[in-house]
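Within every chain, numbering begins at 1; the chains are lettered A, B, ... in the order of the sequence lines, protein sequences first and strands thereafter. Predicted model only: the values in this text are computed from it and were never measured.
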Amino acid sequence: MSVIIENSGLLTLLQTLDKKENDDNRVYNGALDRLAFQMANQLVGNPIDALTVEMTVQPAVIKFTEPTIVAFSGADFAGEVNGRILNTNRIYLFDRGDTVKFDSQKRGNRLYMGVAGGIETEGTNVLSSGDELIMKREYTEQHKELFNILRTNNTVNWGVDYYALTEVYISDIFHIVKVPGVDPKIYEQLEKNTYSVHNEKNRIMMYLKGGAVDVAETANGHDIEQYGLRGGVFIPEDQPVITLNDFDQPTTASHVGTIPSYHLHKLAQKRPGSQLQFKCIDIEDAHANLYAHHLWITSLFKAIDYKLSKELVKEKL
Amino acid sequence: MLFANGDCYITYSTDTKIEETTQERIKQHFESYKSDFLTEINMTNNDVTFTYLPIEVMVSHGTIEPSIIVMEEVQQFLEEVGVSI
């Protein structure tokens, strides 16, 4: 019994939370939207770093061959199973034979599917049509009780509203942590202009277009090699390019700053045409924001835990 | 130059090429190096970038300026392999 990828969509990967040592078959460079990844797991009662399915632009068509508890998180895609509309950030129980399809996307770019008890693959983590995911079935007592609760309605009457996540996803403003030695005029130009996503080379880099940035006088000139770190903002000519998780080679493009981790969730959800505005900040401000973000995520996950336990208590009564 | 490169990285950058023997020495030292916060190292011919866990540093040291602590650790690490900043 397994989860079958009937149609793999545009790019469907079994993904880890953090970067892992790669082998011949699997390239695990970590989820682009780490918040959605963790939330999909949190909702189904998994450890937050359990493997999830990351789907980009056009999600997969997925068939379930046994009762399976699932949550989708991330992009706001219109999902459907047996004529029933599915919402993101909500728990569902799918039955044997149920097939989930997604249509248009209202907002966002990436969707994550968490499966209670965990999933794995024997082959490559780049999923193709016809591939099967193996159910690990590492069920906890909480999972077993969840199965009982969901048997009647297949879902619960609560979830995480998009409203609750606006703080993270809705703004188009992205921080850039400044690099010492870069001409302040470059930051002025980046802040003055509005950019849009021109193209994303899948999980490798995001090309932006907007006002030109003159990097002729940057401290790190064109013959110096730099590591293409996650969220790095580089100016190869006069337009910014942002390096993503799968960028794995040195670059000689001018590195002007780095987008902090707390803004990479919403970056992962930007699609061609999405707007971006930059605010260039110092590392001290970035870390203060990161800590506030960490506290917010902790409280969100505690709230999910509370709702889950309340649901279980209600069932017992 | 040693600097906080975003909120999760510390980078040592130099205009002169880091020799292959030095790169190998850094790599080998990192493999046996024990750190509570440094998780990964990446090198090019001109820089060495360390990935770290800022929240873990903040929590264990009671600070919201973790890069200062990690930069000290990175500086010491590089000195141990004969790279002076």
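- Side chains of A/Gln277 and A/Thr194: a donor on one and an acceptor on the other come within 3.5 Å.
- When A/Gly231, A/Gly232, A/Pro260, A/Ala286 are compared by the number of non-hydrogen pairs under 4.5 Å with chain B, A/Pro260 comes out ahead.
- Within residues 49-65 of chain B, the residues approaching chain A closer than 4.5 Å by heavy atoms are, in numerical order, B/Thr49, B/Tyr52, B/Pro54, B/Ile55, B/Met58, B/Ile64, B/Glu65.
- Of the two parts of B/Met43, neither the backbone nor the side chain holds a non-hydrogen atom closer than 4.5 Å to a non-hydrogen atom of chain A.
- Between chain B and the options A/Ile259, A/Val177, A/Leu229, the largest number of non-hydrogen pairs under 4.5 Å is found for A/Leu229.
- Side-chain contact of A/Asp305 with A/Gln42: a donor-acceptor pair under 3.5 Å is present, judged by distance alone.
- Most heavy-atom pairs under 4.5 Å with chain A, from the set B/Ile68, B/Thr11, B/Asn46, B/Val48: that is B/Asn46.
- For the residue pair A/Ser261 and B/Asp7, a side-chain donor N or O sits within less than 3.5 Å of a side-chain acceptor on the partner.
- In this pair, A/His263 and A/His175 present their aromatic rings tilted. The plane angle is within the 30 to 60° band.
- Side-chain contact annotation: B/Glu73 with B/Tyr33, donor-acceptor N/O pair under 3.5 Å present.
- For the set A/Lys178, A/Arg230, A/Glu284, A/Gln249, the entry with the most heavy-atom pairs within less than 4.5 Å of chain B is A/Arg230.
- Heavy-atom pairs under 4.5 Å with chain A were tallied for B/Ser13, B/Cys8, B/Pro66; the largest tally goes to B/Pro66.
- Contacts of A/Leu290 with chain B are made by both backbone and side-chain atoms, with heavy-atom separations under 4.5 Å.
- Under the 3.5 Å distance criterion, with hydrogens and angles disregarded, no donor-acceptor pair is assigned to the side chains of A/Asn245 and A/Asn29.
- Side-chain contact, B/Glu24 with B/Gln28: a donor N or O sits under 3.5 Å from an acceptor N or O.
- Counting heavy-atom pairs closer than 4.5 Å to chain B, the top-ranked of the candidates A/Asn289, A/Ile283, A/Ile281, A/Thr251 is A/Ile283.
- Residues B/Asp47 and A/Tyr227 have side chains that never bring a donor and an acceptor to within less than 3.5 angstrom of each other.
- Side-chain polar atoms of A/Asn199 and A/Tyr207 form no donor-acceptor pair below 3.5 angstrom.
- Remark: the A/Thr258 side chain and the B/Asn5 side chain contain an N/O donor-acceptor pair separated by less than 3.5 Å.
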